[in-house]
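Report on one structure; see the data block that follows.
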Amino acid sequence: MTIYLWPVAFCISLISVGCSRQQPIQKPLTESSKSIEMGSETIIEFHETTIDSPIKFREVANSWGIDFRHVSGMTPEKIVPTANGSGVAVIDYNNDGLMDLYFAQSSPIPVNPKAENTGKLFRNNGVGQFQDVTIESGLGLITYFTHGAIAADIDNDGDTDLYLCNFGKNVLFMNSGGHFTDISTTSGTDYDGWSSSAAFLDYDGDGLLDLYVSTYGDWKYPQDNRFCGDLKKNIRLYCDPKEIRPAPDVLFKNLGSGKFVDVSAKAGINRADGHGFGVIAADFNQDNLTDIYVANDQDPNFLFINRGNGTFEDLTATSGAALDGRGHAQAGMGVDAEDLNGDGYPEIIVTNFANESNTLYRNLGQGLFMDVSASWGIISASLPHVGWGTTLSDFDMDGWPDLYVANGHLDENRHLLGENVKQEQPALLFHNHNGRRFENISSKSGSYFASDHVGRGITWGDLDNDGDLDLVISHKDKFAAVLRNDSTRRGTHWLRLKLVGTKSNRDAIGARVEIEVDGQKITRMRKGGCGLMSTHDPRLIIGLGATEIVRSLKVYWPSSKISQLSQVETDQDLVLIEP
């Protein structure tokens, strides 16, 4: 269904969508608890346990024709950038309504631009078949050392462009009808350093997407590649982030016509005290202005609140989301945000290093957050692992976002030092129980979760257009995984929304959607960045539970315009165009 939204009236054309409706199955619940010692504190977590998992995934990469294998460039020298892996972009590069996949690729250092291990673009041909179109798309001509693959429409022409965050110069590809051209130098976005992730956002409200780039550090090879580990035993490990000089992140303003300019200092985001990893652009305080949150590795996480005048207020020190509940900076890597409890404000999840646990921050409003990791039941499961890419997504379409975390240690040789540490670690999947707590359902959700992996970047989207969210995981030095969502959905319904801005940026990044169903308010955001080094489905795939008719649907556009629909049927596509 395409809806052109006007202030009073709108036009509707219908596309019928088949659906299967089943009665919800009641799941018996039991209550259990677990104590965790953390320093001088004992934290008690309470867990609800279901007999069976409401979420099921099936590995389909091979059967779908996706054969991407990551190359980290790791050698016995343990060159630091080779530890961090790469991301994945869900991108409809040819505008056929099917989500394609671009896998970012690393490389041995120093990088040989003529090497064969480039990033790869797979075109979605439908019916569960993908085809490698890297060369014909113009993306496979040069090899880069890439961490992040960030996609958005920078010129509002309807084609999705692609930005690569590299160790070395970053690259911006302009998409013209499915073919990409490198405009990095002419655009002014060819930042030369060590970038992890990025987020597109319209920070100044001019309808053009600007670009925030998170920078991991100021590090050069070979002069900065010192020996870390046990020198006497000649066992080398990856160096701690504290051994790496931090470098300021960068904000590029979009001037139009493919030109950008660095406005970091003017906008007030040029802090030089963070090792930047994941970044997310979203409206955290419901003022219709897009804010920025950055997960930093062993430094306080940044929170920049948009003032609406081209500058940001740095609330890092006062936000409550910079440190964990005990006041400690953690090794922040992946990040996502979504309203978990139905109050309209997005919570923030940050993945961290082993023995730190992942951290969930509840949004209290007005730029204030509180660590609720223990009460939501995520500490004990995440404590032993090194967390990377993550998402807060509603996988069983019941209206409550769930939590997925990819895990994997840095080093493959710690056993030589007598440590009981494996590089491969299990992924984690948590089910959201009605906005009250998470339940770890990893062991019951498919064969992928029964084995260990070296997870890094992840992304999510409806790859088969069946109305639920699938997962894609990039594994360090291994083949990628594609997890099709085969959950029974237990009688739940959905809407798939494509938001098209007119006065706002065409991608509508920064928009917020509020839906009322059976006394529950569901809030979802069109976010920039998030996850880790990756780009998710640009459409909003919203679970509605058992509701068959949506009473009210509101879109809060970045331009401050508001659109409203009522009595909307479920299980269908809606294209909503800003008035």
Side-chain angles (χ1 to χ4, degrees), residues 1-13 92 95 150-161 163 174-175 187 199-212 251-261 263 266-267 280-292 304-312 344 346 495-515 523-529 535 537-540 542 552-566 568 573-579:
M1 175 185 289
T2 302
I3 298 182
Y4 299 86
L5 293 169
W6 304 102
V8 178
F10 50 84
C11 303
I12 302 178
S13 64
D92 183 7
N95 279 325
I150 315 300
D153 184 358
I154 65 167
D155 55 353
N156 291 330
D157 67 347
D159 293 326
T160 303
D161 311 298
Y163 188 72
M174 179 77 79
N175 184 355
S187 69
F200 283 103
L201 72 155
D202 181 8
Y203 84 99
D204 54 358
D206 64 355
L208 297 171
L209 285 175
D210 313 297
L211 176 64
Y212 184 100
L251 178 63
F252 293 102
K253 173 179 169 57
N254 190 338
L255 302 176
S257 302
K259 305 289 185 181
F260 290 76
V261 63
V263 294
K266 182 180 179 180
I280 181 170
D283 181 5
F284 288 108
N285 56 355
Q286 290 194 352
D287 62 355
N288 286 327
L289 298 172
T290 306
D291 313 305
I292 299 169
F304 300 115
I305 295 296
N306 195 333
R307 290 192 176 105
N309 61 358
T311 68
F312 291 85
L495 283 175
R496 188 165 50 222
L497 308 182
K498 180 179 180 180
L499 305 182
V500 180
T502 53
K503 182 178 181 181
S504 305
N505 65 88
R506 184 181 176 93
D507 281 354
I509 291 175
R512 185 175 82 253
V513 173
E514 291 184 358
I515 292 176
T523 304
R524 297 291 180 265
M525 304 180 299
R526 180 69 173 94
K527 299 171 285 192
T535 304
D537 196 323
R539 305 166 299 180
L540 297 179
I542 303 176
S552 172
L553 186 158
K554 290 184 180 179
V555 182
Y556 295 84
W557 300 93
S559 65
S560 296
K561 294 179 181 292
I562 301 174
S563 302
Q564 184 168 358
L565 301 174
S566 59
V568 179
D573 284 284
L574 295 175
V575 179
L576 306 182
I577 299 177
E578 182 182 19

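FYI, the numbering just counts along the sequence from 1.
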Between [atom1] on residue [X] and [atom2] on residue [Y], distance to nearest 0.5 Å:
X: Arg524; Y: Leu540; atom1: CZ; atom2: CG; answer: 9.0 Å
X: Leu499; Y: Arg512; atom1: CG; atom2: CZ; answer: 12.5 Å
X: Leu201; Y: Ile280; atom1: CG; atom2: CD1; answer: 11.5 Å
X: Asp92; Y: Arg539; atom1: CG; atom2: CZ; answer: 7.5 Å
X: Thr290; Y: Phe304; atom1: OG1; atom2: CZ; answer: 15.0 Å
X: Asp210; Y: Ile292; atom1: CG; atom2: CD1; answer: 9.0 Å

Can you tell if the side chain of [X] reaches within under 4.5 Å of the side chain of [Y], non-hydrogen atoms only?
X: Ile509; Y: Asp202; value: no
X: Pro558; Y: Lys503; value: no
X: Asp283; Y: Tyr556; value: no
X: Lys498; Y: Leu574; value: no
X: Leu553; Y: Leu495; value: yes
X: Tyr163; Y: Phe200; value: yes
X: Leu565; Y: Leu576; value: yes
X: Val555; Y: Val513; value: yes

Might you point out which heavy atoms bring [X] and [Y] nearest each other, and give the distance in Å?
X: Gln564; Y: Ser552; result: NE2-OG, 3.4 Å
X: Gln286; Y: Gly344; result: NE2-O, 2.5 Å
X: Gly310; Y: Tyr203; result: O-CE1, 3.3 Å
X: Gly258; Y: Met174; result: CA-CE, 4.4 Å
X: Thr523; Y: Glu514; result: OG1-CG, 3.9 Å
X: Ala199; Y: Ala281; result: CB-CB, 4.1 Å

Within the distance-only criterion (no hydrogens, no angle test), does the side chain of [X] pair as donor or acceptor with the backbone N or O of [Y] below 3.5 angstrom?
X: Arg526; Y: Asp507; value: yes
X: Glu578; Y: Lys561; value: no
X: Asn306; Y: Asp291; value: no
X: Ser504; Y: Trp557; value: no
X: Arg506; Y: Val500; value: no

What do you reckon, is NZ of Lys253 surrounded by more than 12 foreign heavy atoms closer than 6.0 Å?
->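 Enclosed: over 12 neighbouring heavy atoms sit under 6.0 Å from NZ of Lys253.
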For the pair Asp161 and Asp153, evaluate side chain to side chain contact (heavy atoms under 4.5 Å, CB included) and give the outcome as yes or no after the intermediate values.
-> CA-CA 5 Å; Asp161 311 298; Asp153 184 358; 3.8 Å; yes
Pick from Thr160, Ile154, Asp155: which one makes a side-chain contact (heavy atoms from CB on, under 4.5 Å) with Asp157?
->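 Among Thr160, Ile154, Asp155, the one meeting side-chain contact (heavy atoms from CB on, under 4.5 Å) with Asp157 is Asp155.
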Stepwise side chain to side chain contact (heavy atoms under 4.5 Å, CB included) test for Asn254 and Leu211 | CA-CA 8 Å; Asn254 190 338; Leu211 176 64; over 6 Å; no
